[in-house]
Every structure is written in C-alpha cells, then in structure tokens.
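Reading through the structure tokens given below for one structure.
Atom set for the values below is all heavy atoms of this structure, side chains included, hydrogens, waters and symmetry mates excluded. In what follows, every chain begins at residue 1, and chains take the letters A, B, ... in the order their sequences are listed.
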Protein chains: 2
Amino acid sequence: MNEGLLSSVAESLDKGRIRQDNEAIILSAAERVFARYGFRGTTMQQIADAAGLPKANLHYYFGNKQTLYLRVLEEILQDWLAPLESLCASADPKTSLADYVGKKIAFSFERPEASRLFANEILQGAPVVSPLLKTQLHDLVAQKARILDCWIAGGKLRQMDTTHFFFTVWSMTQTYADFDIQIAAVLGSDSRTKDAQARATAHVFDCLWRICGLEEEQ
Amino acid sequence: MNEGLLSSVAESLDKGRIRQDNEAIILSAAERVFARYGFRGTTMQQIADAAGLPKANLHYYFGNKQTLYLRVLEEILQDWLAPLESLCASADPKTSLADYVGKKIAFSFERPEASRLFANEILQGAPVVSPLLKTQLHDLVAQKARILDCWIAGGKLRQMDTTHFFFTVWSMTQTYADFDIQIAAVLGSDSRTKDAQARATAHVFDCLWRICGLEEEQ
DNA sequence: GTCTATATCTAGATAGAC
DNA sequence: GTCTATCTAGATATAGAC
C-alpha cells in the first residue's frame with residue numbers, strides 16, 4: 001500500500017511534468033502552424049507532426065482545435081500588448097518611445113510566428129480577439145495617445161495624429177515579421193541575420209525620430 | 001437549317017456573355033473569400049455561396065481551386081505593382097512620391113480585399129508568388145531605389161535607406177486594408193468613411209514628408 | 001497517461017440528367 | 001451550358017486497447 005502510494009505520487013509528479021512539457025511542445029508547434037495557415041487552413045495532423053506527437057494527444061490535452069487556438073492566441077495577445085507599457089507620462093519622451101519601438105521590433109525578430117498568427121487573426125476578421133480590441137486595446141491606445149498629446153502640448157514632440165501614429169509604428173515594425181518573406185525576396189538575402197536586423201532597426205528608428213521631430217540629440 | 005444556324009450563333013454569343021459575366025462574378029467572390037481565409041482556409045462552397053452560383057459551376061469555369069486562386073492572384077499582382085511606375089527619374093521627387101504613395105493608399109481603401117489576399121499569400125509563405133518576388137519585385141525595387149538614391153545625391157531628398165523605405169511605405173499604407181478591423185476597433189468607428197480615409201491619408205503623407213525631409217513647401 | 005483504430009462529417013471534384 | 005447527386009479523400013474527434 002505504501003509502495004502503491006509512493007509510486008502513484010511519483011507517477012502523478014511525472015505525469016504533471018510530462019503534461020507540462022507536452023503542452024508546451026504542442027503550443028509552440030501550434031503557434032508555428034496556425035501562423036502560416038490560419039485557423040481554418042491548419043489541420044490538427046500538421047500540428048501533431050510539428051510537435052512530434054500523435055494527433056490524439058492534442059485532443060487529450062486541449063479537447064479541440066478551437067481551444068488550442070484560443071490558448072495560443074491568449075499568450076500572444078499579452079506579449080503583443082506588453083510593449084505599450086513603456087509609454088509613461090512621467091518619463092522622458094525619447095527614452096519612452098525608444099523603449100516602446102525597440103520592444104516592438106524585437107518582438108518581430110524574436111517571435112515572428114507569434115506576430116504572423118496575430119496578423120492572420122486580424123486578417124480573418126478577428127473572430128476571436130475582436131471584443132478585446134474594441135475594449136482593452138481601444139482604451140489602452142486612447143490612454144497612451146493622451147500621453148503623446150501632452151508631450152506635444154509641452155513642445156517635446158512635433159504635432160501629429162497620435163492615434164494614427166500607433167498604426168504606423170505597428171505596421172512599420174510588424175512588417176519585418178509578417179512580410180518577412182517578401183522582404184527577404186527584395187533584399188535577396190536572409191533577413192534574419194544580425195546585420196539585416198540591425199539595418200532594419202536603424203531604419204525604423206530613423207523614420208520614427210523624423211516623424212516625432214526628435215532627430216537632433218536632445 | 002438557317003434557323004438552326006442563327007439560333008446556334010445567338011446561343012454561342014449568349015453563352016460567351018454568360019461565361020464572361022459568371023467568371024467575373026466568381027473571380028470577385030473568390031477574391032473576397034480567399035482574402036479572409038487564405039487558400040487552404042477557403043472552401044469552394046463558400047465561394048459558390050458568395051457568388052450565388054452552384055459549386056459545380058466553379059469547377060466548370062476554372063477546373064479546380066488552385067487555378068481559380070492563381071487567376072485571382074494574377075490580377076491582383078499587376079495592380080499591386082502598378083503604382084511603382086509613378087517613380088520616374090526625370091520627374092519631380094515630391095510629385096512622384098505623392099503620386100506613388102497616393103496610389104498605394106487609394107488601393108488600400110478601394111480594394112481592401114485584394115490587399116488582404118496578397119497579405120495572406122505572403123503570410124502563408126508566398127507559395128505562389130515567391131518566384132515573382134525574387135525576380136520581378138526584387139529588380140523593380142532595386143531600380144526604383146536607385147532613383148531615390150539619385151535624388152538624395154542631388155540634395156532633393158534627405159539621406160535614408162531607400163530599400164527599407166519601400167518596406168515602410170508598403171506597411172504604412174497597406175495596414176489600412178489588412179488591419180482594417182483592428183484600426184476600426186481602436187478608432188471606435190467605421191474606418192471606411194470618407195472622413196476616416198482623409199484623416200489616414202493626411203497622416204501617412206505627414207509621416208512621408210518628414211521621413212523624406214520634404215515638409216516645407218519647396 | 002498514451003496512442004491505434006475508427007466513427008462521422010465535410011472537403012474537392014465529377015458524372016450525368018436536364 | 002447548367003446543376004443535382006454522388007464519389008473519394010481527408011478533416012475533426014473519440015472509443016477503447018495498452
């Protein structure tokens with residue numbers, strides 16, 4: 001009985017770890033596949049192959065395709081929104097903006113699949129995240145745009161449309177993940193090298209400072 | 001016999017017109033559906049429903065899904081590339097650029113489905129257009145970047161990375177079609193109204209002239 | 001917990017009536 | 001030329017052996 005207890009404890013610990021590991025493997029594989037083919041274009045078999053696990057395991061861990069997609073998207077959303085926190089009213093405008101945009105570019109280069117999955121979700125009409133965009137993102141952008149407006153009123157930033165400014169930053173930075181393949185085709189080389197990333201980053205900051213009127217050393 | 005001849009001629013003319021009409025209806029419906037769900041996420045049934053025709057007709061006119069997709073993409077590619085022709089070495093830089101970027105924005109607002117379909121194709125790894133991007137687009141951008149470089153050398157434009165400049169213009173303008181839903185969610189209103197389009201256009205030009213150093217009236 | 005085998009449904013495609 | 005009815009393949013999902 002003791003042996004039974006011990007072995008079942010050891011077993012459940014093992015099972016817990018196996019479950020955690022497998023779930024992580026599946027989520028990562030799902031991110032890659034959903035990113036390429038979107039929700040409907042992706043098959044559970046593709047994800048299973050990418051994860052190196054039998055298809056039935058995905059159903060065992062996540063129940064169905066919809067739930068697996070939601071779990072993946074949930075994680076991505078948090079990471080997509082996080083950089084916005086860099087914009088703080090009391091901080092220095094140039095430092096804040098550099099921090100914010102730097103994080104957006106880093107996200108594109110470090111988690112291109114996550115960026116593409118998010119892009120796919122929006123392209124397909126945001127069936128899942130639409131409610132969140134209309135509330136959480138809407139409010140967050142309104143709040144951050146007010147901060148930029150204050151900086152403009154204080155003469156620290158050039159006059160601009162602060163709401164559309166976010167659309168421009170998002171598109172400029174995300175394009176390096178979402179349109180990666182087009183960019184690589186035009187550059188005629190791998191756009192994932194350190195050099196290529198540095199050049200892209202320099203260009204984005206160059207554009208950014210000109211738009212904000214912060215080119216000259218402060 | 002005369003009657004037979006006449007009626008068969010009339011019939012074939014009619015059939016020709018019906019064919020043309022139906023093909024146009026199907027292509028337009030296919031563009032809308034492929035734009036939302038990508039190649040694999042789209043079903044022939046969806047396109048048939050969107051076109052208001054039986055599914056079998058699509059196969060009758062286009063053979064298979066692949067061919068239908070190619071036909072749609074083919075048309076879009078030409079329209080996607082066309083604006084680049086505005087950039088001409090002998091023309092005035094500001095006029096040329098205004099013309100080019102104006103056409104890109106117009107494309108986003110007038111043919112959002114076409115833009116989204118192209119975006120979907122790239123996101124999914126450009127399985128169809130990859131060869132074209134590596135040759136036609138690669139060469140075209142190299143050629144147009146040289147024109148910008150000349151203008152910079154002539155002091156007519158601020159120093160910048162002219163290749164990445166194209167990535168920035170594409171992303172800034174296309175975002176209004178591709179991420180339409182996200183933008184509408186943030187703005188809290190329909191982004192397809194004339195007012196919203198005018199505001200977006202003004203913002204894009206504002207950014208553009210600052211990046212190019214062409215803000216002041218020349 | 002894991003995975004093979006299978007049930008059920010829906011996709012692309014086509015044959016054949018009209 | 002058009003469209004109903006149907007074939008076959010491949011999808012999601014699950015039951016049940018291990």
Side-chain angles (χ1 to χ4, degrees), chain A residues 4-27 29-30 33-34 36-73 120 124 127-128, chain B residues 4-27 29-30 33-34 36-73 120 124 127-128:
Chain A
L5 184 64
L6 282 173
S7 79
S8 90
V9 165
E11 216 173 88
S12 76
L13 281 173
D14 260 3
K15 278 174 186 167
R17 217 175 49 79
I18 289 174
R19 171 176 275 273
Q20 264 192 323
D21 287 353
N22 281 349
E23 284 191 358
I25 290 169
I26 293 167
L27 284 170
V33 184
F34 279 133
R36 272 262 175 274
Y37 303 105
F39 178 71
R40 296 178 34 161
T42 294
T43 72
M44 294 297 268
Q45 188 63 61
Q46 279 181 293
I47 299 175
D49 292 346
L53 289 168
K55 191 176 58 160
N57 278 26
L58 313 199
H59 285 98
Y60 172 69
Y61 286 121
F62 296 95
N64 57 36
K65 190 181 176 182
Q66 177 87 239
T67 304
L68 176 53
Y69 181 71
L70 290 178
R71 282 284 301 275
V72 175
L73 202 53
N120 241 316
Q124 310 204 356
V128 173
Chain B
L5 183 65
L6 283 174
S7 79
S8 91
V9 166
E11 218 173 89
S12 78
L13 280 173
D14 260 2
K15 277 173 189 169
R17 216 175 49 80
I18 289 175
R19 171 175 275 273
Q20 265 193 321
D21 288 352
N22 281 349
E23 283 190 0
I25 290 170
I26 293 167
L27 284 170
V33 184
F34 279 133
R36 272 259 176 277
Y37 303 105
F39 177 71
R40 298 177 35 162
T42 293
T43 72
M44 294 296 269
Q45 188 63 61
Q46 279 180 293
I47 299 175
D49 291 347
L53 290 166
K55 190 175 60 158
N57 278 28
L58 313 199
H59 285 100
Y60 172 69
Y61 286 121
F62 296 95
N64 57 35
K65 190 181 175 183
Q66 177 87 239
T67 303
L68 176 54
Y69 181 71
L70 290 178
R71 282 283 302 274
V72 175
L73 201 53
N120 241 317
Q124 310 204 356
V128 173

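In this structure, of dG1(C), dT2(D), dC3(D), it is dT2(D) that holds the atom nearest to the side chain of Ile18(B). Closest to the side chain of Asn57(A), out of dG1(C), dC3(D), dC3(C), is dC3(C). Of the listed nucleotides (dT2(D), dT4(C), dC3(D)), dT4(C) has the atom at the smallest distance from the side chain of Pro54(A). Nearest to the side chain of Tyr61(A), among dC3(D), dG1(D), dT2(C), sits dT2(C).
Using a 4.5 Å heavy-atom threshold, the side chains of Arg36(B) and Gln46(B) count as separate. At a threshold of 4.5 Å between non-hydrogen side-chain atoms, the residues Leu53(B) and Ile47(B) do not count as touching. Considering only heavy atoms from C-beta on, Arg40(B) comes within 4.5 Å of Thr43(A) through its side chain.
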Exercise for review: Classify every nucleotide of nucleotides 12-18 of chain C by which part a protein heavy atom approaches to under 4.0 Å, writing B for the base, S for the sugar-phosphate alone and - for neither, in 5'-to-3' order.
Suggested key: BBB----
Practice item. Given side chain to side chain contact (heavy atoms under 4.5 Å, CB included), test Tyr37(B) with Asn120(B) step by step and report yes or no. Key: CA-CA 8 Å; Tyr37(B) 303 105; Asn120(B) 241 317; over 6 Å; no
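Distance CD (Glu23(A)) to C1' (dT2(C)): 14 Å, rounded to an integer number of Å. Rounding to whole angstrom units, CG of residue Leu58(A) and C1' of dT12(D) are separated by 11 Å. Summarising the geometry, the separation between CZ on Arg17(B) and P on dG1(D) is reported as 13 Å, rounded to the nearest angstrom.
For Ala48(B), the side-chain contact (heavy atoms from CB on, under 4.5 Å) criterion is met by Gln45(B), Lys55(B), Leu58(B), not counting sequence neighbours.
Using the six-membered ring where Trp is involved, Phe39(B) and Phe34(B) have ring planes that are parallel, under 30° apart on the 30 and 60° scheme.
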